[in-house]
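Worksheet: one structure, shown below.
Worth saying up front: this structure is predicted, and the values here are computed from it rather than measured. Sequence lines set the chain letters: A, B, ... in the order given, protein chains first and strands last, and positions in each chain run from 1.
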Protein chains: 2
Amino acid sequence: MHDIGFANHDHATCVTTALATVETACAAQKLQLTPTRRRVLEILLEEHRAMGAYDILAILAAEGLGSQPPVVYRALDFLVSNGFAHKIEKLNAYLACTHPGENHSPVFLICRACETVAEASMPMTDLRRAADGAGFLIENTVIEVEGLCPACREAA
Amino acid sequence: MHDIGFANHDHATCVTTALATVETACAAQKLQLTPTRRRVLEILLEEHRAMGAYDILAILAAEGLGSQPPVVYRALDFLVSNGFAHKIEKLNAYLACTHPGENHSPVFLICRACETVAEASMPMTDLRRAADGAGFLIENTVIEVEGLCPACREAA
DNA sequence: AGACGATATGTTATAATATATCAACCCGCA
DNA sequence: TGCGGGTTGATATATTATAACATATCGTCT
Ligand SMILES: [Zn+2]
Ligand SMILES: [Zn+2]
Ligand SMILES: [Zn+2]
Ligand SMILES: [Zn+2]
């Protein structure tokens, strides 16, 4: 596993490089990164946390970018289905991908104390091998781990 | 991994042994398997599939066991928190545990074609090792795999 | 028996999350 | 110019889940 994600980081750079990566990927794949889609991604990147769809919608509404649920759900659908953001099923919340474009099977580490969510990436060899053996064809995985991050573990 | 779960089985035995196991566990731990809780578990066992809370509630209502959402959510909360049933986050649905009582970290294999959900149990050594190394304390895992079960894979 | 606490249930209302549907618009292209 | 795909606007509704508060039930202590 790499990129455990609970460490401090240069957030301004983190946002701008992720945006640039997504822009490049959209250009390459002829995907339309429209203003609302782009703004939703920016919001997720800036906040750098798992956000509910209605939290995002409130921000969009305040900026005059739309106030009805379909606005945000459409943007999220675009971002998630193209791998630029992820849905955390356990939280019904959305998170910008920390390495968009790369083909990856994310693992999310959710701290129940500080609510931070870190995206890790690791080879799930156990899972692949077992599923293959059983004849199950894996198309998508949801791997979410709840617990305490290093900082909150320390504090407790 | 064992107990891949897509195979045929003696369902009557499957239901009665699971119920008996839960009854024993409740007696041992002084948990109250009240009529509604027991009936919800029975429903999940009989149907042997992931069911939405309101699907279950409709059955309870038809039987005069309560018609308001809290009735079923309370029963599900009891069953889930004691390990007698599981919530499939990806589906917002609930499933009876196939080996209640045992301390386990389930893995769910969800077939997108036939909607069958199989509960497997496997050691997530990759995950444990990586999380330990990163200082993250795992308290709970959600591992859900979407794809095609052997039968549907065959058919396709 | 009577008072009490812990647990479970009944009931009403509402919150939170997500989708269906249909009309309008935009833009590249035949 | 007219078509066609993708996107947006707008209204309504579906689905999933919880808050809040009253009532009931049961064992325990006095
Ligand atoms: Zn990612
Ligand atoms: Zn934390
Ligand atoms: Zn069965
Ligand atoms: Zn189980």
- Report yes if a donor N or O on one partner sits less than 3.5 Å from an acceptor N or O on the other, where the partners are the side chain of A/Y54 and the base of C/dA15; otherwise report no. no

- Do A/V72 and A/L60 have side-chain heavy atoms sitting under 4.5 Å apart? yes

- Query: Within the pair A/Q32 and D/dT7, is there a side-chain N or O less than 4.0 Å away from OP1 or OP2?
  - Reply: yes

- To the nearest angstrom, how far is A/Q68 atom CD from C/dA18 atom P? 16 Å

- Under 4.0 Å from any atom of DNA chain C, heavy atoms only: list the residues of residues 75-96 of chain A that qualify, in numerical order. A/K87, A/N92, A/Y94

- Could you give me the CA-CA distance, side-chain angles and deciding distance for B/I43 and B/M51, then say whether side chain to side chain contact (heavy atoms under 4.5 Å, CB included) is met? CA-CA 9 Å; B/I43 290 168; B/M51 299 180 75; 3.8 Å; yes

- Rounded to the Å, how far apart are A/L57 CG and D/dA10 C1'? 13 Å

- Item | Length of the NZ-P vector between A/K30 and C/dG28, whole Å | 12 Å

- Query: A/R74 side chain N/O closer than 4.0 Å to the phosphate oxygens (OP1, OP2) of C/dT19?
  - Reply: no

- Query: Yes or no on side chain to side chain contact (heavy atoms under 4.5 Å, CB included) for B/S105 and B/S121, after CA distance, side-chain angles and deciding distance?
  - Reply: CA-CA 6 Å; B/S105 294; B/S121 178; over 6 Å; no

- Could you tell me whether B/T36 contacts a base, only the sugar-phosphate backbone, or nothing, with contacts defined as non-hydrogen atoms closer than 4.0 Å? nothing

- Message: Measure CG/A/D55 against P/C/dA18 and give the value in whole Å, please.
- Response: 11 Å

- Query: Do A/C14 and A/H48 come within less than 4.5 Å of each other through their side chains, counting heavy atoms only?
  - Reply: yes

- Report the distance from atom CG of A/L31 to atom P of D/dG5, rounded to the nearest whole Å. 18 Å

- Task: Please report, rounded to the nearest Å, how far the P atom of C/dG10 is from the CZ atom of B/R37.
- Result: 12 Å

- Task: Answer yes if the side chains of B/E119 and B/H104 hold a donor-acceptor pair under 3.5 Å, and no otherwise.
- Result: yes

- Item | Candidate list B/V107, B/V142, B/I143, test side-chain contact (heavy atoms from CB on, under 4.5 Å), partner A/I143, passing option | B/I143

- Is the distance from OP1 or OP2 of D/dA17 to the nearest side-chain N or O of B/Y73 less than 4.0 Å? yes

- Message: Quick check: closest heavy atoms across B/I110 and A/F136, and the distance to 0.1 Å?
- Response: O-CZ, 3.4 Å

